[in-house]
Amino acid sequence: TPIMEKPPVFYHTMGKVKYYYGETWPLPQTKFTPYYFASEKGANSADGDGRLQMEIPTDGKAFDKYDYDPADPVPCRSGIVISPGDSLRQSQEVVECRNDVLVYSTDVLEKNVTVVGPIEVNLWAASSAMDTDFTAKLVDVREDGSTYNITEGIIRCRFREGLDRAKPLIPGAIYCYQINMGGTGMVFQKGHKIRVEIASSNFPKHDRNMNTGHAIGEDAEGIVAHQTIYHDADHPSYIMLPIQPEAINGSTSLKNLPKLLNGSWYMISSPLPRPIKEFYIVWRINGWSVTGEKSSRPQKWPDMGRKQT
């Protein structure tokens with residue numbers, strides 16, 4: 001089929017790998033569903049009791065607190081940050097053991113949950129600082145308890161109304177932040193959990209906010225920010241997930257990629273089944289057939305992930 005006759009949206013899902021065409025983005029059948037943050041004693045670290053639930057919390061603790069110290073930022077465990085050999089999907093264990101990371105999880109899923117589309121966190125929060133950051137990360141929790149990143153986002157609070165309208169915070173005041181986490185396609189499988197991490201740093205992927213309110217790069221030392229995340233009936237913090245029906249129409253396969261790609265080389269990074277390990281496949285597309293060669297090493301930077309002629 002000529003490429004111009006194909007639907008304009010082409011995407012794939014992780015968790016249960018399939019390829020699809022769609023007519024619009026977001027997909028027309030999408031049911032945007034809020035999953036609300038809640039806790040009883042506190043959501044600090046994976047040892048806390050933070051929950052993701054379908055109902056707006058009406059009881060339990062109304063907020064969670066943590067301190068963000070720019071001298072000890074949360075380490076980044078997602079994507080290519082410094083080395084081109086970094087894995088796109090990484091264990092979150094070293095992140096979720098920290099008390100400056102809030103962790104909210106669903107109950108064990110009784111059936112597959114398919115999430116395809118744009119992701120956003122609506123966060124009610126206050127800070128002791130005149131400027132700070134808030135981060136959000138969507139995580140897949142497997143049956144054995146291992147955790148892996150799916151997508152993430154960050155907001156610098158002074159730019160909460162736009163990059164052209166920097167405004168300092170009023171310390172202690174409650175604001176509502178929208179954290180754009182981009183788009184994704186993920187099947188959270190039965191027996192897994194859906195998880196959200198909230199923090200104030202993701203270093204070194206994003207520069208540390210020194211919490212002073214000064215211009216970027218002006219401070220050699222920062223100050224500790226005391227952060228409060230609200231999740232009561234008046235301040236319902238949540239992640240909005242684009243839920244899809246159990247059966248999505250339009251499934252295709254790599255062999256149906258348009259002939260426009262004939263003879264091209266593409267580098268694709270793919271996870272192996274448990275234990276999770278990253279490897280690389282170079283796909284060669286000829287006519288309607290696809291052949292691949294597995295490699296434990298990526299191509300030389302900066303060729304990885306780029307079309308080869």
Does the side chain to side chain contact (heavy atoms under 4.5 Å, CB included) test come out yes or no for F159 and R165, once each step is laid out? CA-CA 6 Å; F159 298 120; R165 287 173 285 178; over 6 Å; no
Heavy-atom side-chain proximity of E197 to Q92 below 4.5 angstrom: yes
Are N209 and D131 linked by a side-chain donor-acceptor pair shorter than 3.5 Å? yes
Within 45° cone of Y177 ring axis and under 6.0 Å: R160 NZ or CZ: no
Check this for me, if you would: do K190 and E110 make a salt bridge, where the nitrogen-to-carboxylate-oxygen distance has to be below 4.0 angstrom? no
Taking only residues two or more places apart in sequence, or in another chain, which ones meet F37 in a ring pair (Phe, Tyr, Trp, His ring centres under 6.0 Å)? Y104
So which of Y230, W124, Y238 actually passes ring-ring contact (aromatic ring centres under 6.0 Å, His included) with Y36? Y238
Is there a path from V116 to I150 through hydrophobic residues (I, L, V, M, F, W, Y) whose side chains come within less than 4.5 Å of each other? no
Flag the pair E152 and K205 as a salt bridge only when some basic side-chain nitrogen lies within less than 4.0 angstrom of an acidic carboxylate oxygen. yes
Is any side-chain heavy atom of I155 less than 4.5 Å from a side-chain heavy atom of Q178? no
Between K31 and Q244, does any side-chain donor sit less than 3.5 Å from a side-chain acceptor? no
Taking side-chain hydrogen bond (donor to acceptor under 3.5 Å, both in side chains) as the criterion, tell me which of K41, H231, Q227 meets it with D64. H231
So do the side chains of D67 and D100 get within less than 4.5 Å of each other, counting heavy atoms only? no
What's the verdict on side chain to side chain contact (heavy atoms under 4.5 Å, CB included) for V94 and R77, showing C-alpha distance, side-chain angles and the deciding distance? CA-CA 8 Å; V94 70; R77 289 295 182 269; 3.3 Å; yes
Please test L52 against I194 for side chain to side chain contact (heavy atoms under 4.5 Å, CB included), starting from the C-alpha separation and ending with a verdict. CA-CA 8 Å; L52 276 183; I194 302 172; 4.2 Å; yes
Side-chain heavy-atom pair N99, Y66 within 4.5 angstrom cut-off: no
Checking side-chain polar atoms at under 3.5 Å, does D219 have a donor or acceptor matched by the opposite partner on T212? yes
Counting C-beta onward and ignoring hydrogens, is there a side-chain heavy-atom pair between H226 and K65 closer than 4.5 Å? no
So do the side chains of H12 and M14 get within less than 4.5 Å of each other, counting heavy atoms only? yes
Kindly say whether H214 contributes a backbone atom to a donor-acceptor pair with the side chain of R158 at under 3.5 angstrom? yes
Spatial distance of atom OG1 (T132) from atom CG (L169) [nearest 0.5 Å]: 8.0 Å
Roughly how far, to the nearest 0.5 Å, is the CG atom of N202 from the CG atom of N149? 9.5 Å
side-chain contact (heavy atoms from CB on, under 4.5 Å) test vs V196 passes for just one of T106, I239, V103, namely I239
Under the criterion side chain to side chain contact (heavy atoms under 4.5 Å, CB included), I'd like the reasoning laid out for F10 against Y19: C-alpha separation, chi angles, the key distance, then a yes or no. CA-CA 7 Å; F10 181 68; Y19 296 80; 4.0 Å; yes
What I want to find out is whether D140 reaches K193 closely enough, with some N-O distance under 4.0 Å, to be called a salt bridge. no
Does some side-chain heavy atom of L27 sit less than 4.5 Å from a side-chain heavy atom of Y11? yes
Can a donor-acceptor pair be found, under 3.5 Å and without considering hydrogens, that links the side chain of R208 to the backbone of P70? yes
Is any side-chain heavy atom of Y68 closer than 4.5 Å to a side-chain heavy atom of S201? yes
